[in-house]
Amino acid sequence: MKQLQTKRTNIVKNETIKIAVLKTVLVLCAASMTVTGCNRSSKTEEENRTAEENTVNNNETENNNDSPVHINEEPNNENNNEDNTPDNSVTEENQGNKGEVNTSKPTNSVVSKDPTISSSWSKLESTAKSGQNYYSEYYTKTRVITKNGHLYNYAASTQITTDYLVREGLLSSGNTSSGISVMLMYGSDIASCGGSGVHITGTDREFTVFAFMKHPNENKYIFSSAGGSYGTMTEAAYNSLMSLYSMNHGTVRRLTPSNSEYDRILSCIKMYESRYEQYFVRSITVDDKYAFAVLSGRANAATIREYILKYENGIWEVVLDDLETESRLPVIVNKALPDLNMSLLPTYSIRDYTMLTDYTAVMDALTKAGLYAKNDTFYYFCGTKEYCYMITDSGKRFLCRYNGGSWDCYKVLDYYDALSRLQSFTNNPPTFILLDLE
């Protein structure tokens, strides 16, 4: 018992000393604030005294419970009824001087529709829903893409307009207007160009059908989607958006091996693949922004690869590869690069063909036709199960066609002769078997 009384006496002494120290600190702080003119607290002297007394009382209570003493413990704010909602009002203080950073939290802008043109909004929504239904239904059935921003059936070479939707019975003529454009775009692009005047829902930030039209009374554009997106864009913003989807990047042309860009593109692909191999090139088609290359390594001419490159800041860069594996090449490429001119793409799909791996029957047919001598060796050969093209070291060229269970063989003069004969056999020949403009 004496030990406990002694312990309590020592605690009280220690706390008396701590309180005395605390008072001294408070006096010094008050003097310091008077000298410096910095008042970091809004408390009055009376409040400081009250806080001091509360501290003493709290310490005495804790000491009576034999618990550790914590000076200036943070208050518990769980029951604090203070309103923590951001104050978005602008005052003279938070406006600040021109050029200073405004640290006040911005207001959440709410995009509203012009109520005076409710009929136009209704027609936009109806058109967007019809266009989205068309896109959803035919996306997997055929090749539906965006062409210069507009919804387009690539397989049928048809732009999907309001008139088209009405003719197909997908949209009532009373629920639309000929002044409405049916667009296929990324909602994120619209948000980027339109700024605060647009509202784009989360799902609509991806590839989505939108209906656009000129504002009936102002020099602006309004739009809507089937997913709840809508907004108003200035003419300048609308033009910027359309430029993102423009496929006009100069004349589409095929490069020849003598063109300097030809070797630059091949060098870029070599660096991209880190193989630095030699290629059998089938074709390189370019405009002023993109290039489409079809080639194979010389080790195996049947392993054909396809690449899309982009020209920017004076250099070419591979932006898409492994395209030879895609059965719906136009759709895949268009979704990744909606501004790429589709004329760069070949009409064939390598995925549709089975490559020839055994040339024994072809060699026998060439020998039987008297076109092949035993001392000839082949520099190049590539074929499918229906067509085959071969070049010997001596420069002889042969085009062979599998016909009725056997191979028909033809001697051709050059690439153009082989191309002409191949095109006479079928409307969409596998021109990727021909070595590029040797």
Side-chain angles (χ1 to χ4, degrees), residues 254-258 262 266 269 273 275 277-285 292-307 321-330 344-438:
R254 182 168 176 175
L255 296 183
T256 62
S258 61
Y262 193 94
L266 293 182
I269 295 174
E273 294 287 359
R275 295 181 183 179
E277 60 183 328
Q278 296 299 310
Y279 297 127
F280 281 135
V281 181
R282 306 319 200 273
S283 64
I284 299 179
T285 310
F292 191 90
V294 186
L295 52 79
S296 68
R298 294 199 176 190
N300 186 353
T303 306
I304 301 174
R305 307 196 295 270
E306 294 180 323
Y307 302 85
D321 62 356
D322 295 330
L323 298 174
E324 68 281 354
T325 64
E326 300 292 348
S327 59
R328 290 161 50 82
L329 181 63
L344 290 171
L345 305 185
T347 56
Y348 58 76
S349 173
I350 293 177
R351 179 77 179 271
D352 295 339
Y353 295 90
T354 302
M355 302 303 295
L356 187 65
T357 56
D358 186 356
Y359 285 80
T360 303
V362 179
M363 301 291 288
D364 291 342
L366 284 171
T367 303
K368 186 177 180 179
L371 299 175
Y372 170 68
K374 293 295 183 181
N375 59 342
D376 278 338
T377 56
F378 285 93
Y379 162 72
Y380 172 85
F381 49 87
C382 183
T384 67
K385 287 194 172 182
E386 294 179 314
Y387 303 98
C388 179
Y389 185 60
M390 310 171 76
I391 305 174
T392 68
D393 289 337
S394 61
K396 296 177 183 177
R397 295 169 175 81
F398 307 104
L399 180 67
C400 305
R401 176 194 183 194
Y402 190 73
N403 184 22
S406 62
W407 287 92
D408 296 335
C409 302
Y410 307 89
K411 187 175 182 178
V412 293
L413 298 175
D414 53 21
Y415 169 87
Y416 295 103
D417 189 17
L419 177 63
S420 177
R421 189 176 291 273
L422 189 58
Q423 290 174 334
S424 69
F425 294 147
T426 178
N427 292 329
N428 188 22
T431 55
F432 56 83
I433 69 173
L434 304 180
L435 188 59
D436 187 26
L437 305 174
E438 323 98 57

Among Y348, Y387, F432, which one satisfies ring-ring contact (aromatic ring centres under 6.0 Å, His included) with Y353?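 Running ring-ring contact (aromatic ring centres under 6.0 Å, His included) over Y348, Y387, F432 with Y353 returns exactly one hit, F432.
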Can you establish whether the number of heavy atoms outside Y416 located under 6.0 Å from its atom OH is more than 12?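 Counting neighbours around OH of Y416, 12 or fewer heavy atoms of other residues, nucleotides or ligands fall under 6.0 Å, so no.
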From the options [options], select the one residue that forms a side-chain contact (heavy atoms from CB on, under 4.5 Å) with [X].
X	options	value
F398	F381, Y389, F378, Y410	F378
Y307	L295, V294, I284	L295
E306	R282, E324, E326	E324

Rounded distance [0.5 Å steps], [atom1] in [X] versus [atom2] in [Y]:
X	Y	atom1	atom2	result
N428	Q423	CG	CD	10.0 Å
M390	L435	CE	CG	13.5 Å
N403	E386	CG	CD	10.5 Å
S283	R254	OG	CZ	5.0 Å

So, do L356 and Y402 sit near enough that their side-chain heavy atoms are less than 4.5 Å apart?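 No, too far: nothing below the 4.5 Å cut-off.
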Using distance only, find each side-chain donor-acceptor pair of residues 358-366 under 3.5 Å and give its atom names and separation, not counting sequence neighbours.
from, atom 1, to, atom 2, distance (Å)
D358, OD1, T360, N, 3.0
D358, OD1, T360, OG1, 2.7
Y359, OH, G383, N, 3.0

Audit row: C382, I304, side-chain contact (heavy atoms from CB on, under 4.5 Å) steps and yes/no: CA-CA 10 Å; C382 183; I304 301 174; 4.3 Å; yes
Looking at R397 and I391, would you say the former's side chain and the latter's main chain have a donor-acceptor pair under 3.5 Å?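 Not a single qualifying donor-acceptor pair exists.
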Counting only N and O atoms by type, is there a donor-acceptor contact under 3.5 Å from the side chain of R298 to the main-chain atoms of Y279?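 Checked: pair present.
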Would T256 and S258 satisfy side chain to side chain donor-acceptor pair (under 3.5 Å), going step by step from the backbone distance to the final call? CA-CA 5 Å; T256 62; S258 61; 3.0 Å; yes
Give a yes or no on whether a salt bridge exists between E277 and R305, defined as a side-chain N under 4.0 angstrom from a carboxylate O.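 Yes.
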